[in-house]
> 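First the structure, which I've put down as structure tokens, then a few questions once you've had a look.
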Amino acid sequence: MRLVTFDDYRIGVLRDDGVHEVSDVVPGWEPGDIWAMNRLIARWDTLRPRVEAAAAAAAPKPLDSVRLRAPNPAPMHLFAAPANYRAHVNEMVQQFGGGAGASGDSADTLGFFLKATGSISGPQDPLALPARDFPTRRFDHEGEIAFVIGRRAQGVSPEDALSYIFGYTIVIDATLRAGDGRHEERVQRKSYASFSPMGPCITTADELPDWRQLQVKLWHNGEQKQDARATDMIVDIPNLLSRASHVLPLQPGDVYTTGSPPGVGRIAPGDKIVVEAPGIGRMQLDVVERDW
Ligand code: MN
């Protein structure tokens with residue numbers, strides 16, 4: 001099943017004929033309810049049959065008649081893996097003489113970082129750069145595979161990790177690079193509003209049963225720049241989940257974006273970014289200058 005959030009944070013099932021609204025199935029849903037997807041996921045085992053029935057009964061809304069939001073606009077945590085592809089670590093060392101992958105560090109030794117969940121934006125929202133504030137700094141795209149937590153996960157083994165995954169989505173981990181003698185916290189450089197575009201849907205794990213098949217491609221102004229394959233990760237998906245769950249409990253709806261493959265490149269206002277993942281979908285984003 002492909003789940004979406006749309007318009008005033010309604011919940012829907014995405015099918016070939018459009019979006020089938022199922023908001024009424026989510027306990028306590030109301031317009032503007034940015035937390036609804038977390039509650040739906042937390043009670044998925046009992047709500048799934050009702051979601052299926054409501055989707056079957058709802059008339060489809062054509063995709064071009066709705067505004068898609070991030071499929072989970074407000075997870076409790078947005079985890080991210082740094083330096084999780086060997087070839088990306090190498091390109092960072094070549095271009096910057098360091099970065100997250102300096103000194104041989106990788107996700108294997110660094111663990112996770114967090115992005116502020118307020119940086120999450122939807123698949124139809126522009127990626128807005130604070131370019132006026134940083135005229136000489138560099139903004140980069142990182143097209144990443146992301147997984148969504150299905151149930152509270154604390155101290156989970158890698159062997160059991162997959163049973164805690166609800167589904168998968170795409171996240172672009174946009175970044176302001178350090179520079180000009182300034183080294184703001186990575187959390188801040190990656191947490192500007194709209195720096196975590198997510199979508200277009202969450203595809204439930206039963207439709208993507210083998211995480212090794214997951215793949216995300218990214219095009220910048222029509223040129224393919226990135227091709228993330230889950231099998232190329234330094235720390236794979238079961239181990240990312242397991243290791244984070246030994247730090248703190250992961251909550252239903254939490255999103256973990258798994259790191260950037262090589263091909264990271266600079267973005268500027270006027271650019272167009274396309275990301276696509278088999279089984280998940282496609283997002284096309286305009287890069288603009290922030291107007292505030
Ligand atoms: Mn990243």
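Both ligands and their constituent atoms are indexed starting at 1 by order of listing. Both backbone and side-chain heavy atoms feed into the values below; hydrogens, waters and symmetry mates do not.
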> Could you please give the number of protein N/O/S atoms within less than 2.8 Å of the Mn ion (ligand 1)?
3

> Are Thr136 and Asp180 linked by a side-chain donor-acceptor pair shorter than 3.5 Å?
yes

> I'd like to check the side chain to side chain contact (heavy atoms under 4.5 Å, CB included) partners of Arg177; sequence neighbours left out, ordered by chain and number.
Met92, Phe96, Arg138, Asp140, Glu142, Thr175, Val264

> Side chains of Ser121 and Ser194: donor-acceptor distance under 3.5 Å anywhere?
no

> Kindly write out the residues that satisfy side chain to side chain contact (heavy atoms under 4.5 Å, CB included) with Pro130, not counting sequence neighbours, or none if the list is empty.
Asp133, Phe134, Phe139, Tyr192, Phe195, Arg290

> Which residues satisfy the side chain to side chain contact (heavy atoms under 4.5 Å, CB included) test with Ala244, sequence neighbours excluded?
Phe112, Leu250, Tyr256

> Answer yes if the side chains of Ser106 and Arg86 hold a donor-acceptor pair under 3.5 Å, and no otherwise.
no

